[in-house]
Peer 1: 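Questions regarding the structure given below will be posed in turn.
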2 protein chains.
Amino acid sequence: MSDRPFTKVIKILREAGLRPTRQRLGLAKLLLDGTNQHITAEELHKAAQDNNILVSLATVYNTLHQFKSAGLLREVIVEPGRAYFDTNLSKHHHFYFEQTGEITDIPDSQINIERLPHIPEGTSINCIDVVVRLSPVIRDD
Amino acid sequence: MSDRPFTKVIKILREAGLRPTRQRLGLAKLLLDGTNQHITAEELHKAAQDNNILVSLATVYNTLHQFKSAGLLREVIVEPGRAYFDTNLSKHHHFYFEQTGEITDIPDSQINIERLPHIPEGTSINCIDVVVRLSPVIRDD
DNA sequence: GTGTTTGCAAAGTGTTTGCAATTTA
DNA sequence: TAAATTGCAAACACTTTGCAAACAC
């Protein structure tokens, strides 16, 4: 919404090695506004249109991957055939509402993995993803 | 490989409410042989061809979903755009080798989730999936 | 015989890519 | 102006679907 802190977003992009083009600036402003979001390319494209940010769907896809490579976003995999991107870079996990497709964060403090498994030789852990899949409670009364 | 215990597979399908057709029997024999497998539709289709089981790719897809609905298989979601099916029905988790796409099991005894998160009201946990993503160790010598 | 299942080909969904035109530095 | 970026449309990978023919019971 604010128009001035453009400089901040420009700085972020520059430091990520990405030229601050009109499209990247617009998408970065939508994504990196400090709120935690779980968004698909289509949703972001729609959000851009709604905010008068002209950008093609192809560029949205490319930009999401560039942001991911630059460490500005993470990918969350909870269902086949659809990629979600997560603006929360801190350690955390996810609830996935199977009914609605909604994703919400589980703070790292609320989950704790004890007893880590023995890691195969020659490999190292990239990350550990925990997805708690939820369904609506069915009440029969 | 064995030809006689067909009766066993027929029984499994019958109890799952699925007619034991030639295609389902063939696929069930490949899948439910007691080993733990993580397989895609394409891979299963190829395996069927290699074993002289005539079945179309569309039927492989349909059969995998029928088996899943019947509780004979589980779906594992580790990468977007590809569905893996898991013949291991006991509680366990997964290693995912990002480099190769390979999936292996983590026995439930080797991982332990403490302190479960607070579940949103009106929902119940369907399942908890843990994916430990691995990369090859990079050695610089 | 009747309802189920199959296979094909077509359609669908989400994503990536080649390339000319445009923009950035 | 040289290199990076964009947008389009086409290609892509994977999956689902409609429907006539084949099959199971």
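Below, read A as the first sequence line, B as the second, and so on, with proteins coming before strands; counting in each chain starts at 1.
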Peer 1: Given that both distances must come in under 3.5 Å, which nucleotide forms a Watson-Crick or G-U wobble pair with C:dA25?
Peer 2: D:dT1

Peer 1: Counting side-chain heavy atoms from CB outward, which of C:dT16, C:dG7, D:dT16 is closest to A:H65?
Peer 2: C:dT16

Peer 1: CD of B:E75 versus P of D:dT15: gap in Å, rounded?
Peer 2: 9 Å

Peer 1: Quick one: is B:Y61 getting a side-chain N or O under 4.0 Å of the D:dT15 phosphate, OP1 or OP2?
Peer 2: yes

Peer 1: Answer with base, sugar-phosphate or nothing: what part of the nucleic acid does B:L13 contact at a heavy-atom distance below 4.0 Å?
Peer 2: nothing

Peer 1: Among C:dT15, D:dT17, D:dT16, which is the nearest nucleotide to the side chain of B:N62?
Peer 2: D:dT17

Peer 1: What is the distance, to the nearest angstrom, from the CD atom on A:Q66 to the P atom on D:dG7?
Peer 2: 12 Å

Peer 1: Please state how far atom CG in B:L57 lies from atom P in D:dT15, giving the value in whole angstrom units.
Peer 2: 9 Å

Peer 1: Is the centre of the A:H65 ring less than 6.0 Å from the centre of the A:F85 ring?
Peer 2: yes

Peer 1: Can you tell me if A:H94 and A:D129 form a side-chain donor-acceptor pair at under 3.5 Å?
Peer 2: no

Peer 1: When you measure from every atom of DNA chain D, which of residues 14-22 of chain A have a heavy atom less than 4.0 Å away?
Peer 2: A:R19, A:T21

Peer 1: If you only use heavy atoms from C-beta on, which nucleotide in D:dT6, C:dT6, C:dT15 is closest to the side chain of A:A83?
Peer 2: C:dT15

Peer 1: Could you say whether A:A41 or B:T63 is positioned toward the 5' end of DNA chain C, judged by the nucleotide with the nearest heavy atom to each?
Peer 2: B:T63

Peer 1: Of the nucleotides D:dG7, C:dT6, C:dC8, which has the atom closest to the B:A58 side chain?
Peer 2: C:dC8

Peer 1: Determine whether a donor-acceptor pair (N or O, by modelled atom type, separation under 3.5 Å) exists between the side chain of B:S124 and the backbone of A:V137.
Peer 2: no

Peer 1: With heavy atoms under 4.0 Å as the rule, sort A:L64 into base, sugar-phosphate or nothing.
Peer 2: nothing

Peer 1: Check whether B:V131 and A:I111 end up in the same hydrophobic cluster, where Ile, Leu, Val, Met, Phe, Trp and Tyr are linked by side-chain heavy atoms less than 4.5 Å apart.
Peer 2: no

Peer 1: Do B:D86 and B:H92 have a side chain donor and acceptor closer than 3.5 Å?
Peer 2: yes

Peer 1: Determine whether the side chains of A:E42 and A:T40 contain a donor N or O and an acceptor N or O closer than 3.5 Å.
Peer 2: no

Peer 1: Looking at A:T87 and A:T35, would you say the former's side chain and the latter's main chain have a donor-acceptor pair under 3.5 Å?
Peer 2: yes

